[in-house]
Asks: 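I have a structure here, written as structure tokens, and I will follow up with some questions on it.
What you are looking at is a predicted structure, and each value in this text was computed from that prediction instead of being measured.
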Amino acid sequence: MPMSSLFSLLLTCLVSFLLLRLSTLLDPGAAVPHVKRSAPLPLRFRHDGAFKILQVADMHFGNGAATRCRDVAPEVGGARCSDLNTTRFLRRLIEAERPDLIAFTGDNIFGGSATDAAESLLRAISPAMEYKVPWAAILGNHDQESTMTREELMTFMSLMDYSVSQVNPPGFLVHGFGNYHIGIHGPFGSGLVNTSLLNLYFLDSGDREVVDGIKTYGWIKESQLAWLSATSRELQRNFHSPALAFFHIPIPEVRGLWYTDFKGQYQEGVACSTVNSGVLGTLTSMGDVKGVFLGHDHLNDFCGDLNGIRFCYGGGFGYHAYGRSYWPRRARVVHTELKKGQRSSWMGVELIRTWKLLDDDKLSKIDEQVLWRHGEDDSDHNVYL
């Protein structure tokens, strides 16, 4: 760039800043434009070869202190139990676990209680922004029941501080809002610093629909599955990395996990759509997805195996969401570890494990298990450099 052009650009920026500053001094009450504080991108594994995701399912946030708790033990309930208990729980988890990413998997706000959707979202997500933790979100079936549409909600969340959420993928026409991919790159100083070693797929599973005159829950549509398959193929051309998927409403096959050796609690019927759109078949054919993380059914927190893919519930998180007395609110942690090679160089993902944390005095850790280990399935073609 010529020096004259550079000087002109700098002068324009300086004048704009001075005018903004002057207007603020002349009118202290004037609104100041907020510039998004962005997460450092791309997201990447830490120097110790780990990446930790905190899944927060079904916060059902309303109006803060004015919104009462539901289904809590008497010693927890009462006039002081509110949305602030949800906020306190999230802060405790962030301080204890220091996640690299928080995944909010739908019903982040409860539209029927939230007077203002934007204000409710800001309050619900505020701990992530306060602690400067990158976060990604998808929508559930209740988020849009307040004052914003699903498109407006996803757009708003994509513009919030430290959000890595996206409205939809560029270059694709897909159903819904909140379908996107996030790649987790190798640590700084490694030979894989420019390579995505873990891929995260976020999908909009919809809210409610009517099929043949009967009300049912939403489902992931054909256009979304086409985008998902195409994205997976393109990513695996470069490096065969494992992937995780996040969506709110479970698929019909999850019901069958009752008859399997699942880990965790299966305490209510799986509330899914009557339509089976072929999600499991698509995920199986892709070959890279090792785990799927769900919300929606607050009393289910189990993990079970479908076609070699672990489907795991986050468990009910929010205090304004339905729950069960003496069954603490909970969250799921997903911890991914890289393999170390010769001369301490990092290679591909070796291990993905998970556990849950309860909102009790000890922040109890339960149901720790390995979801996937490199080399344990025939479809694993991860390349180690």
Side-chain angles (χ1 to χ4, degrees), residues 52-60 70-71 86 89-90 93 97 99 102-108 110 136-143 200-207 217-220 244-273 279-280 283 289-324 327-335 352-359 364-372:
K52 184 183 291 185
I53 302 170
L54 172 65
Q55 182 196 3
V56 175
D58 298 273
M59 282 194 291
H60 277 236
R70 292 184 58 185
D71 302 329
T86 303
F89 183 28
L90 183 51
L93 288 169
E97 290 292 319
I102 301 176
F104 295 98
T105 53
D107 283 359
N108 310 297
F110 186 65
I138 48 176
L139 299 173
N141 53 290
H142 287 299
D143 293 280
L200 308 180
Y201 302 126
F202 292 83
L203 293 160
D204 179 9
S205 56
D207 50 279
Y217 284 111
W219 63 91
I220 296 170
L244 306 173
F246 300 82
F247 50 88
H248 182 73
I249 299 173
I251 60 175
E253 289 90 342
V254 172
R255 289 174 170 170
L257 289 174
W258 173 261
Y259 305 101
T260 68
D261 186 23
F262 59 84
K263 192 177 186 70
Q265 298 296 314
Y266 193 144
Q267 299 184 120
E268 64 174 309
V270 173
C272 59
S273 175
V279 174
L280 181 58
L283 295 177
V289 175
K290 309 304 178 185
V292 175
F293 301 92
L294 311 163
H296 195 50
D297 301 329
H298 308 173
L299 299 180
N300 291 336
D301 71 351
F302 62 86
C303 281
D305 187 287
L306 290 172
N307 290 5
I309 302 170
R310 298 298 179 93
F311 282 73
C312 300
Y313 279 100
F317 188 96
Y319 276 83
H320 185 51
Y322 76 82
R324 178 172 289 175
W327 200 67
R329 265 51 176 188
R330 59 203 58 214
R332 181 172 292 281
V333 174
V334 184
H335 189 268
I352 303 174
R353 56 194 177 97
T354 186
W355 60 84
K356 298 182 295 265
L357 294 171
L358 309 182
D359 192 15
S364 299
K365 180 179 180 179
I366 64 169
D367 293 342
E368 184 171 8
Q369 63 184 119
V370 173
L371 293 181
W372 177 82

Asks: Are the side chains of Val270 and Leu257 in contact, using a 4.5 Å heavy-atom criterion?
Replies: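 Result no, sub-4.5 Å side-chain heavy-atom pair not found.
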
Asks: For the pair Asn300 (side chain) and Glu268 (backbone), establish whether a donor and an acceptor sit closer than 3.5 Å, ignoring hydrogens and angles.
Replies: yes

Asks: Taking all non-hydrogen atoms of both residues, which atom of Ala331 and which atom of Phe89 are closest, and how far apart?
Replies: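 Looks like N-CZ, 4.2 Å.
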
Asks: Test your reading of the model: is there a side-chain donor-acceptor pair from Arg329 to the backbone of Asp359, 3.5 Å cut-off?
Replies: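 No, Arg329 side chain to Asp359 backbone: no donor-acceptor pair under 3.5 Å.
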
Asks: For His296, give me all partners under ring-ring contact (aromatic ring centres under 6.0 Å, His included), at least two apart in sequence or on another chain.
Replies: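 Checked His296 against ring-ring contact (aromatic ring centres under 6.0 Å, His included); matches are Tyr217, His248.
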
Asks: Could you check whether any side-chain N or O of Asp58 sits under 3.5 Å from a backbone N or O of Asp107, counting only pairs where one atom can act as donor and the other as acceptor?
Replies: no

Asks: Of the non-hydrogen atoms in Pro328 and Leu358, which two are nearest, and what is the gap between them?
Replies: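 Residues Pro328 and Leu358, closest heavy atoms: CB-CB, 4.1 Å.
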
Asks: Minimum heavy-atom separation for Thr105 to Ile138, with atom names?
Replies: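 Closest approach of Thr105 to Ile138: CA-CG1, 3.6 Å.
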
Asks: What are the two closest heavy atoms between Gln267 and Leu299, and how far apart are they?
Replies: NE2-O, 2.9 Å

Asks: When you measure from the side chain of Asp71 to the backbone N and O of Gly323, does any donor-acceptor pair fall under 3.5 Å?
Replies: yes

Asks: So which atom in Phe262 and which in Gly304 form the shortest heavy-atom distance, rounded to 0.1 Å?
Replies: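 Looking at all heavy atoms of both residues, the shortest contact is CB-CA, 4.2 Å.
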
Asks: Considering only heavy atoms from C-beta outward, does the side chain of Asp143 approach that of Phe104 to under 4.5 Å?
Replies: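 No, too far: nothing below the 4.5 Å cut-off.
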
Asks: Apply the side chain to side chain contact (heavy atoms under 4.5 Å, CB included) test between Lys52 and each candidate in Val333, Val334, Ile102; give the one that qualifies.
Replies: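 The single option meeting the side chain to side chain contact (heavy atoms under 4.5 Å, CB included) with Lys52 is Val333.
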
Asks: For the residue pair Ile53 and Leu244, establish whether any side-chain heavy-atom pair is separated by less than 4.5 Å.
Replies: yes

Asks: Do the rings of Tyr322 and His298 sit parallel, tilted or perpendicular, given the 30° and 60° boundaries?
Replies: parallel

Asks: Would you call the rings of Phe302 and Tyr266 parallel, tilted or perpendicular, where under 30° means parallel and over 60° means perpendicular?
Replies: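 Correct class here is parallel.
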
Asks: Are the side chain of Gln55 and the backbone N or O of Arg332 linked by a donor-acceptor pair below 3.5 Å?
Replies: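 Absent.
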
Asks: Which pair of non-hydrogen atoms, one from Ala57 and one from Gly295, has the smallest distance, and what is that distance?
Replies: CB-CA, 4.1 Å

Asks: Return all side-chain donor-acceptor pairs below 3.5 angstrom for residues 307-318, not counting sequence neighbours, or 'none' if the list is empty.
Replies:
residue, atom, partner, partner atom, Å
Asn307, ND2, Thr284, OG1, 3.2
Tyr313, OH, Asp297, OD2, 2.6

Asks: Using side-chain heavy atoms (C-beta onward) and a distance below 4.5 Å, is Cys272 in contact with Val254?
Replies: no

Asks: Could you tell me whether the side chain of Asn108 and the main chain of Met59 form a donor-acceptor pair under 3.5 Å?
Replies: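 A pair under 3.5 Å: no.
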
